[in-house]
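Side-chain atoms are counted along with the backbone in the values below, which use heavy atoms only and exclude waters and symmetry mates.
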Amino acid sequence: CGRRKRLFNSCWSCSVLDVRYIAVERYTSLLLNYLYNTMNCILNNQNENSNCTGVRDKKDMIFAFQTSFFAMCRLSSFPWADLEMELRNDESSEILLEILQQTCCHWLCRKTPPSVKYRRLFLSELIKRNEATTSEPLDELYEAFGEILGVEEEPTCYKSYLLPSGDAVSLSESTALISEGTTGLVTWEAALYLAEWALENPQVFSGRTVLELGSGVGLTGVAVCRSCSPRRYVFSDCHPSVLQRLHGNVQLNGLAAADDPSATVTVRKLDWETVTEDQLRELGADTVIAADVVYDPVIISSLVGLLSKLLRCAVQGTHPDIYISSTIRNPETYSCFKSELKNAGIRYQILKGPVTPVFPYNRSTSIELIKLFL
C-alpha cells in the first residue's frame, strides 16, 4: 500500500506538461518495442505459423524456471535476464504470476517441496524483479513468501526432475553434500548425464535385467524404470543410510521394491569387496550401469575387482554390458581407474554422450561415459 501511495503522490505532483511528456515517452517506447520485435521476426525468417509476440520463447523461459526450481539449481543459473527483458516489454505482472504458479504454487511443490531456504531465496528474487518494475505489486508473491517465512528448515528436502513424458522423478535428498558419513544422499551430475543417455538409448535396457552399482538416491534407476521398460531392475548400494533413503525414493516414485529376488524392482545391499561371483550370477544382469563411482583412489581396486567378476558372469552364455558414467574431477584419479582396468584385462570404449538436454545441470563439467568389455 505504501508503494501505491508514493506512486499516487508522485503522479499528483506532476504538471500537466510532465504527464503529457510521460505519456508520449511511454507510447514511443511501446512503439519502438513493437517495431524491434517485428523486425526480429522478419530477420529470423519465422514461418507463417509463428507469431511475433514471443509466446514460444516465453513458454520456454517459464519451463526453464520450473525445471531449474524443482531440481534446486543455483539461482544464478536461472534465466533472469530473459525475465527482466520480458518485464520491460510487458508492464503487467502476468509473467511473474505464471512462474509462481509453475513453481512454488505448483502441485508438485506441495507434494515434494524443495528446501525451505531455497524457496525463500527464490521468492525473494522474484519479488526483487517485481519491485523493479512500474507494475502493481503482485500480492500472490508476498502471500507465498509469508507461507514459508516461519517454517523451520529440515535436514532433507526434495528434488524433482521432469521427464520428456511429463512425469517427474522426485527424490528425497540431503540438504548437505556430505551427511551421515557419505556422499550418496544427493544426486550427482554423472547420474543426470547417464539418465539422459538412457532416455536416448532405451534399447540398452528394454526387456533386460539391469543392475545398478552405487545407486545413491536413485535418480538414474527411476528414470530407466519409468522410460526404458527393463524386465527387472536391481538398485544396489552398501551404506545403511543410503539404502534406507533409496528404498523410500523407489516407493515414492511408484515402484514397488520387494525383497523377493525375482521381483521386477529390488533394492539390494551389495558390498563390492565381499560379493561372490555366484551371488552376482544369481542376479542375472544383462546390463550393468554405474554413475559417479570413480571419486576416490581408495575404492578403485575393489570397484575394478567387482567389474572383473561381473564380466566373467555370463548369463546364458552372454557377458553383461557394463556402462560407467564418471565426472572427471581429478584426472589423476580417473587415469588410475583406467590403468587398473587395463591391468585387469578389461578394455573400454568411450561412448558419445546424450544429445538432447533433459535435466538441468552444469554441462561444462567434464563427464565421460565408457562401455567395458573383455
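The closest donor-acceptor contact from the side chain of S325 to the backbone of A190 lies under 3.5 Å. Between the side chain of T276 and the backbone N or O of Q279, at least one donor-acceptor pair lies under 3.5 Å. Within the 3.5 Å criterion, the main-chain N or O of V217 finds a donor-acceptor partner in the side chain of N249. Side-chain atoms of S215 do not come within 3.5 Å of backbone N or O of D237 as any donor-acceptor pair. Proximity of a side-chain donor or acceptor of T318 to a complementary backbone N or O of D286 within less than 3.5 Å is not detected. In terms of modelled atom types and a separation under 3.5 Å, the side chain of K309 and the main chain of V275 share a donor-acceptor contact. In terms of modelled atom types and a separation under 3.5 Å, the side chain of S236 and the main chain of E212 share a donor-acceptor contact. Looking only at distances, no side-chain donor or acceptor of R245 sits under 3.5 Å from a matching main-chain atom of L171. No donor-acceptor distance shorter than 3.5 angstrom exists from the side chain of R232 to the backbone of T264, with no hydrogens or angles considered. A donor-acceptor pair is defined here as one N or O able to donate and one able to accept, closer than 3.5 Å; such a pair exists between the side chain of E153 and the backbone of K117.
Partners of Q101 by side-chain contact (heavy atoms from CB on, under 4.5 Å), not counting sequence neighbours, listed by chain and number: L97.
Counting heavy atoms from C-beta outward, I324 and L307 have side chains that approach closer than 4.5 Å. Under the 4.5 Å side-chain criterion, counting only non-hydrogen atoms from C-beta, I95 is not in contact with D90. Counting only heavy atoms from C-beta outward, the side chains of I289 and L194 approach each other to under 4.5 Å. A 4.5 Å side-chain heavy-atom check between V169 and D167 finds every atom pair outside the cut-off. For the pair P354 and L199, the minimum side-chain heavy-atom distance is 4.5 Å or more. Residues V222 and F235 meet the side-chain proximity criterion, which asks for heavy atoms closer than 4.5 Å. When side chains are defined from C-beta on, C109 counts as touching F69, because their heavy atoms get closer than 4.5 Å. When side chains are defined from C-beta on, C105 does not count as touching E140, because their heavy atoms never get closer than 4.5 Å.
Note that CG of D139 and OG of S93 are 9.5 Å apart. Values are rounded to the nearest 0.5 Å. With values rounded to the nearest 0.5 angstrom, L126 atom CG is found 11.0 Å from F145 atom CZ. Expressed to the nearest 0.5 Å, how far CD of Q66 lies from NZ of K59 amounts to 13.5 Å. Atoms CD and OG1, on E173 and T112 in that order, are 11.0 Å from each other to the nearest 0.5 Å. Expressed to the nearest 0.5 Å, how far CD of Q251 lies from CG of N253 amounts to 10.5 Å. If you take OG1 on T103 and CG on L108, they are separated by 11.0 Å, rounding to the nearest 0.5 Å.
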TODO: Could you check T133 against R129 for side chain to side chain contact (heavy atoms under 4.5 Å, CB included), going step by step and ending with a plain yes or no?
DONE: CA-CA 7 Å; T133 68; R129 265 68 182 187; 5.9 Å; no

- [ ] Start with the C-alpha gap between W197 and I367, add the side-chain angles, then the distance that decides, and say whether side chain to side chain contact (heavy atoms under 4.5 Å, CB included) holds.
- [x] CA-CA 12 Å; W197 181 84; I367 302 176; over 6 Å; no

Task: Residues F70, H106; criterion ring pair (Phe, Tyr, Trp, His ring centres under 6.0 Å); working and verdict - done: CA-CA 10 Å; F70 283 115; H106 194 272; 5.7 Å; yes

TODO: Take L351 and Q349, measure what side chain to side chain contact (heavy atoms under 4.5 Å, CB included) needs, and give me the verdict at the end.
DONE: CA-CA 6 Å; L351 302 180; Q349 174 189 0; 3.9 Å; yes

TODO: Go through the steps to decide whether E152 and V116 satisfy the test side chain to side chain contact (heavy atoms under 4.5 Å, CB included), and finish with yes or no.
DONE: CA-CA 7 Å; E152 292 185 7; V116 173; over 6 Å; no

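Salt-bridge check for K338 with E368: passed, with a basic side-chain N closer than 4.0 Å to an acidic carboxylate O.
By the 6.0 Å contact criterion, CD on E273 is open, its count of non-hydrogen atoms from other residues, nucleotides or ligands being 12 or less. Annotation for Q203: atom CD counts as buried by contact number, over 12 foreign heavy atoms lying within 6.0 Å. In this structure, E277 places its CD atom where more than 12 heavy-atom neighbours from other residues, nucleotides or ligands lie under 6.0 Å away.
Between A223 and A195, the shortest heavy-atom contact is CB-CB, 4.2 Å. Across all non-hydrogen atoms, the minimal contact from I62 to I99 is CG1-CG1, 4.2 Å. In terms of heavy-atom proximity, N362 sits nearest to S364 at OD1-OG, 2.5 Å. The two atoms that bring P79 and A64 nearest to each other are CG-CB, 4.1 Å, heavy atoms only. Listed here is the closest heavy atom pair of L283 and R268: CD2-NH1, 3.3 Å. In this structure, G216 and V242 approach most closely via the heavy-atom pair O-CG1, 3.5 Å.
Of the N and O atoms on the side chains of E189 and T327, not one donor lies less than 3.5 Å from an acceptor on the other residue. In this model, no donor atom of one side chain and acceptor atom of the other lie less than 3.5 Å apart for Y118 and R120.
When the side chains of ILVMFWY residues are joined at heavy-atom separations under 4.5 Å, either directly or via intervening members, L83 and L121 end up in a single hydrophobic cluster. Both I350 and L341 belong to a single network of hydrophobic side chains, linked directly or stepwise wherever heavy atoms of I, L, V, M, F, W or Y lie under 4.5 Å apart.
Under the 4.5 angstrom side-chain criterion for Ile, Leu, Val, Met, Phe, Trp and Tyr, the cluster partners of Y158 are L252.
In this structure, F65 and W80 have perpendicular ring planes: the angle between them is above 60°, well past the 30° mark. Classification of the F78-F122 ring pair by plane angle, with boundaries at 30° and 60°, yields tilted.
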